[in-house]
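Model, not experiment: these values are computed from the prediction. In what follows, chains are A, B, ... by sequence order, proteins preceding strands, each numbered from 1. Values below: every heavy atom of this structure, side chains too, minus hydrogens, waters and symmetry copies.
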Amino acid sequence: MSKYEYVPEPALVKGNHSFSSITELVTDVNLRPTPKAWYLAMLPANALLMLLLASIGYLIWQGTGIWGLNNPVGWGWAIINFVWWVGIGHAGTLISAILFLFRQDWRTAINRFAEAMTIFAVMCAGIFPAIHVGRIWVIYWVFPVPNQMAMWPNFNSPLLWDVFAVSTYFTVSLLFWYVGLIPDLATLRDKASDKIRQVAYGLFSLGWTGSNRHWWNYEKAYMILAGLATPLVLSVHTIVSFDFAVSMIPGWHTTIFPPYFVAGAIFSGFAMVLTLMLVAREIFGMKDIMTDDHMEKMNIVILVTGSMVGFAYMMEFFIAWYSGVEYEKAIFLLRATGPYAWAYWTMMTCNVVSPQVFWFKKLRTNVKFTFAISIVVNIGMWFERFVITVTSLANDYLPSSWDYYSPTIWDVLTYVGTFGLFFTMFLLFLRFLPMIAIAELKAVMPIADPHNYDEETKEYIAPKTEGSNTHSETV
Amino acid sequence: MSHKPTITDSLQFSADSKLPTYLFGAGLAGLILSAIGYFTNTDQFFFSYLVSFTFFTGIAVASVFMVLFHHITKSKWGVVFRRIPETIGANLWIWTIFVLPVILGIHNLYHWSHEDAVATDHILQAKSAYLNTPFFIVRQFIYFAIWGFVGRKLYKASVDLEKTGDWGITSLMRKISAPAIPLFAFSLTFAGFDWLMSLDPHWFSTMFGVYYFAISFQAFWAVMILMAYFLHSQGYLKNTIVQAHIYDLGAWLFAFTVFYAYIAFSQFLLIYYANLPEETLWFYDRLEGGFQYIAYGMLLFRFALPFLVLLNREQKHRKNVLIFVAVVVVVMHFLELYWIAMPTMHPEEAHGLHFSWMDLTTFIGLGGIFFGLFFRQFKKNSMIPENDPKLDACLEKTYHH
């Protein structure tokens, strides 16, 4: 016998599920009466949402002076939170588009869920650039709208490219999500017992009957949207990185920023999906669909992207030294040893060191441990944006203008408030829409695989994968 | 048991094939001719050699990378091809001898290796802890030790799996591949810094390692397409590597065309936009003296052409189109390395772009040896990894219109 053990591919859906039991499991969440726990969860979420609205109201009333910005730190929590939320909003479309193009069937358990998270995260992100402009009533100036003053936005500025990149990304992600939802909305329409739901789900399922022709169009549209969304996943965070990297500020101007930001975004996005997934599958009893194997695969993605981020940190550090440019050297030394060293080492520990634990199979298959790391990662990614933004500004070329940056209570409350928006949207999603892509999931179940029949004898053959089930009678 | 796809082809590359001999002959002839060049124009010899050396070594390292990714993602799509990059990787330890001319030519290639130059240049002094001759030499052996060891080990594991049919070996392959990925990432990055970036020792770019990876990987897929069709032309594996498999290579070439463009353009844009003298001069030197035409050529033929052609699904099924695009990409890869290295040797002040016969002879020399070594090894074992647990799934791929 071999000294190594062969590990066959695990089944994507555990337990003895048939097509109909999957439908029941997923749609039941939407069709049963609203549980009390949902209201209980909505309460703090809504409270935080109100806090967000109040903070924004006060900001518009009073101006950005309520924030902790100073001279020279003219970019503070607003940009940090923007980049953080946009980064989180990368996982969904990555899972749905890129993993789709790579034929990664395991995505079907988490794509719907992750896409929803993406859309809500981008909403949270979009708030910050909008509210930070000061005079929000002229926010439409960011768009190149013809006007009598012949005043145009600066097309050379990546901040303007950001407006287009983020809004395009949001639009395509929303469309992609919606197209994927159509067959499942039709399922809900057909299963709903009361008129209101029948009409509401019916309206949005666009007359879906599941005919061959519908599926044919659906698959085409899905493929095209996946193709369109793939470059967008990369472009959004690339342009976010340009916001920093086109400048000549030491610590910002470095050529590895685009791929490094994209890797960081995927890193934090996957962590957020994990955080939500591990809770949701517990509450809704979806462990057969969102299995531990899914968690392990996602942990590997976190390990890979976390290491890519670590690689970029090391390249930056090495090249800062290698460049021989004294400002570059100084800023990186200041990051590690200066007034913000606490933030720098938090970032290093959370982003680079913590995911390395996933080298060990025992740890990446441990649910509680994974849950903890998924939160640690997002703390780390917040600090990464803090370190990049604040350290480079606070210690600029002119030491006489150096100043220490501290946020005010309004910075904190606005940020905390965005969680209210995020969770309110997420709870609404869980309540009213199927959290699993039912139709897609069924397609990757062993019972959907016609290879289970012997071509000559027409007899059923059990698939060789672990957790195989015998469902010949249900097909 | 479910039905097993049957292989109708012979899986053994003809043991009597004279191909390795011919290739070694061409390679030796190229190297001997180049050696004459060493005595007529030493600087030109070393620069030409460096371009060809970085060309083949980059593709060889990308080959092992592909095998690493294949194992770690448990991929099915490319099992029928895997023996090709595995075999390239198996020879990487021998390839160590071809880094020796780079070490011998250090004074001709690298300005920073001159102690008198460093003595009057405070920027070079600041870098001298990294850019110095002994450490440079040590690094070369570290890189090749990593690449040679991993390449050999994975080849051996694959052959063992084929011979014994022991699927447990796939776990060993994954155990090697996982730690090898970060090792390869760092070694290829620093090799790129050493061989190419330090030609202009004042210049620096954090992206450069990723850039060398991206250009090499794009060229690797083109080489794979050409290899597959070459085997077909010799009557091999015609019913084993089918159009559905080659289509995937076309898709990968497309993906890495975009990735290459993304990396190369980001690097250019950020440096162009900030316009800092210590960085932007590198591009300035490469956009004058005739080198600008190579740069425009890269935009058109290394990005736009493969992008537009391979975007179309049908084109990825056409043999002649794929071969044409692959050849263009390979040629552009050579020209891009030329464009990176040669402005140091032929700056605009010294007449600019200037091809030499040694560019060709070193290329034929190293290329002949590279593919000679490849086929010598390739004919020793089966051309596809038989008994691989994913092989059946890969063979089942069919042509989807």
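Looking at A/M308, there are no atoms closer than 4.5 Å to chain B (heavy atoms on both sides), in backbone or side chain. Contact of B/W203 with chain A is made through the backbone alone, with heavy-atom distances under 4.5 Å. Of the two parts of A/S247, only the backbone, made up of N, CA, C and O, holds a non-hydrogen atom closer than 4.5 Å to a non-hydrogen atom of chain B. Looking at A/V262, the atoms closer than 4.5 Å to chain B (heavy atoms on both sides) all sit in the side chain, from C-beta outward. Within the 4.5 angstrom heavy-atom criterion, only side-chain atoms of A/K329, from C-beta onward, approach chain B. At a 4.5 Å heavy-atom cutoff, the contact between B/K127 and chain A is made by backbone and side-chain atoms alike. Only the side chain of B/F190 comes within less than 4.5 Å of a heavy atom of chain A; its backbone N, CA, C and O stay farther away. For chain A, the nearby part of B/E279 is the side chain; its heavy atoms alone come within less than 4.5 Å. Neither the backbone nor the side chain of B/L124 comes within less than 4.5 Å of any heavy atom in chain A. Contact of B/T189 with chain A is made through the side chain alone, with heavy-atom distances under 4.5 Å. Within the 4.5 angstrom heavy-atom criterion, only side-chain atoms of B/Y262, from C-beta onward, approach chain A. For B/I263, the part lying near chain A is the side chain, with the backbone staying farther off; criterion is any non-hydrogen pair under 4.5 Å. Contacts of B/L131 with chain A are made by side-chain atoms alone, with heavy-atom separations under 4.5 Å and no backbone atom involved. Contacts between A/V304 and chain B at a heavy-atom distance below 4.5 Å are absent for every atom of the residue.
Here the closest non-hydrogen pair linking B/K76 and B/A393 is CD-CB, 3.3 Å.
We find that B/K163 and B/E386 are not joined by a salt bridge, their nearest charged nitrogen and carboxylate oxygen being 4.0 Å or further apart.
When the candidates A/P158, A/P231, A/S241, A/A245 are compared by the number of heavy-atom contacts under 4.5 Å with chain B, A/A245 comes out ahead. Ranking A/H253, A/R103, A/M248 against chain B, the residue ahead of the rest is A/H253, based on heavy-atom pairs under 4.5 Å. Most heavy-atom pairs under 4.5 Å with chain B: of the set A/Y6, A/F257, A/F102, A/W321, this distinction falls to A/Y6. Comparing B/W252, B/Y211, B/Y272, B/F268 by heavy-atom pairs within less than 4.5 Å of chain A, the highest count is held by B/W252. Interface summary for chain B: among A/G310, A/S235, A/P259, the most heavy-atom pairs under 4.5 angstrom belong to A/P259. Considering only heavy-atom pairs separated by less than 4.5 Å from chain B, the leading option among A/N156, A/L303, A/T230, A/L234 is A/N156.
Geometric assessment of B/R286 against the ring of B/Y284 yields a negative cation-pi assignment under the 6.0 Å and 45° thresholds. Judged by the 6.0 Å distance and 45° axis criteria, A/R335 is positioned over the aromatic ring of A/F332. Under the 6.0 Å distance and 45° angle rule, B/R139 does not count as a cation-pi partner of B/F193.
B/F186 has its ring centre less than 6.0 Å from the ring centre of A/F311. If you look at B/F69 and B/F65, their ring centroids are closer than 6.0 Å.
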Evaluate the criterion salt bridge (Lys or Arg N to Asp or Glu O under 4.0 Å) for residue pair B/K156 and B/D160; output intermediate values, then yes/no. CA-CA 6 Å; B/K156 219 183 138 304; B/D160 283 350; 3.3 Å; yes
Walk me through it: do B/Y260 and B/F303 pass the test ring pair (Phe, Tyr, Trp, His ring centres under 6.0 Å)? CA-CA 8 Å; B/Y260 150 75; B/F303 169 64; 7.8 Å; no
Please report the C-alpha distance between B/S113 and B/T133 in whole Å, then the side-chain angles of each, then the deciding distance to 0.1 Å, and finally whether the side-chain hydrogen bond (donor to acceptor under 3.5 Å, both in side chains) criterion is met. CA-CA 6 Å; B/S113 67; B/T133 308; 5.2 Å; no
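For the residue pair B/S205/B/Q267, the side-chain donor-acceptor check at 3.5 Å is satisfied.
Classification of the A/W252-A/F244 ring pair by plane angle, with boundaries at 30° and 60°, yields perpendicular.
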